[in-house]
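Keep in mind the model is a prediction, meaning the values are calculated, not measured. Sequence lines set the chain letters: A, B, ... in the order given, protein chains first and strands last, and positions in each chain run from 1.
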Protein chains: 2
Amino acid sequence: MKKKNNREPIYALIYTNLRNQIFDGQLSVGDLLPSENQLCSNYKVSRETVRRGLKALESEGLIYSRPKVGYFVSLPNYSDVTVSFTVNPANCRTHYKDIHAVMPDAEVRNILNIPEDRIVIELSQVTDSVEGTPVAYDIKYILYEQAYPSVESEIRFAVFPELTLPKMAAFSYYTDVQIRAVGASEAVAKVLECRIGEPLLLVERIYIQQNGKRIGYALHYSRQPYGALKGTSGYRL
Amino acid sequence: MKKKNNREPIYALIYTNLRNQIFDGQLSVGDLLPSENQLCSNYKVSRETVRRGLKALESEGLIYSRPKVGYFVSLPNYSDVTVSFTVNPANCRTHYKDIHAVMPDAEVRNILNIPEDRIVIELSQVTDSVEGTPVAYDIKYILYEQAYPSVESEIRFAVFPELTLPKMAAFSYYTDVQIRAVGASEAVAKVLECRIGEPLLLVERIYIQQNGKRIGYALHYSRQPYGALKGTSGYRL
DNA sequence: GAGTGGTCTAGACCACATG
DNA sequence: ATGTGGTCTAGACCACTCT
């Protein structure tokens, strides 16, 4: 049996050492790091190798560079929280309630920025826990046009989530998200089998193409505590 | 007046061209990009320059590399939502309600993983809208020990948010976040001047040091629609 | 003027995936 | 066997900052 040659690259060593100094507090917020040339001398390596290590720290957001001045330790940002919005929670089953073309109401028309006579696809689904209790109610309004393959795939993916994603322009849209607490309306309470006014988490998403065109709007109501959103902020070692 | 020499670097050109092809759909999800050597020929540049452009795409998550095989277009992740958790919303004023040492209840003890006799700092504050309506209620439990400078700065920053952040070990902790909808309890309803049971957004954060030690726990109740959380998912051009 | 980071070159050797 | 990406070198020139 031959020993695998898994030696750590030098730039990774530089990266790790500097990162440890940042976490230790040997390097504090705003501190100036050693210059590239200093690091070259310290590690007896070429400048590009040093830069590779620094670049790794920079793209993780731990440091930033001021050209012609030096590299500095970044100020951590704890106000940006990354939330994992799980489409299919564990131990839950999602089934379709309805899918059809509708004339949307004024609010949806306004959000999607479409004229009065525009027809959209309305797609609703309910997610049940293992015990059979409904825990989430989803309503999506999708601007269906053949010219927008991403929407087609959205529908196909929504209806048959087990299908692999079809070929599509990657990153062709993003979503704007808003998270609120609302009391269950009569209609929603009926679906979720809860009392009217029960606190629900409402996640609204607007699907927007890179050219600015709005192509979809989704509402996700979830009963508590099932539908709690989990996330993290800051840098996790 | 001399013209500024702001020519675009070659690697940035390569980056931009490939990125456009990804957004256009000329390159779809899972597609193989041209090899480094091919790009070298196409652009008549050295390999390191090509790699710089590819590295930029990679660190943005648009592509990934399979060593010895090639670079591929990534599958966009729309389930990770980045939420901006604004501490001091615009047009709002935050003022202190209380700050003192307490013996926390069982729930807080459990979350912070501390013994029964452990004392913590409890810090509460209320945020008012311009009209004077209370819109948010914050309660923080902080494990105060001189050995943990990040906690000291947390307190100082919380009490005097206008102060610049003191020198501290950067990235020494992260937070676990949970977002839920709850009905206002009697105590919370009193502070927020709303009826009991009114739907509130509750953001809970646990502050955790890189070594795993839990050093703080915060609850943030907000009335709707003021305290709605906004975020985005996907890649925004 | 000395030092810094930003860009770029033209090589090199390696381990490995694929056909 | 060929091609790929991963790592690394030893130079170079530039524009700029700082003192």
message: If you take the centroid of each ring, where Trp contributes its six-membered ring, are B:Tyr235 and B:Phe23 closer together than 6.0 Å?
response: yes
- prompt: Centroid-to-centroid, B:Phe85 to B:His220, below 6.0 Å?
  reply: yes
- prompt: Under 3.5 Å, is there a donor-acceptor pair between the B:Glu36 and B:Tyr71 side chains?
  reply: yes
field: Closest non-hydrogen atom pair between A:Leu18 and A:Leu39, with its separation
entry: CD1-CD1, 4.3 Å
statement: Tightest non-hydrogen contact, residues B:Phe72 and B:Gly30, listed as CD2-O, 3.3 Å
query: What string of B, S and - do you get for nucleotides 3-10 of chain D 5' to 3' if you count protein non-hydrogen atoms under 4.0 Å?
result: BBBBBBBB
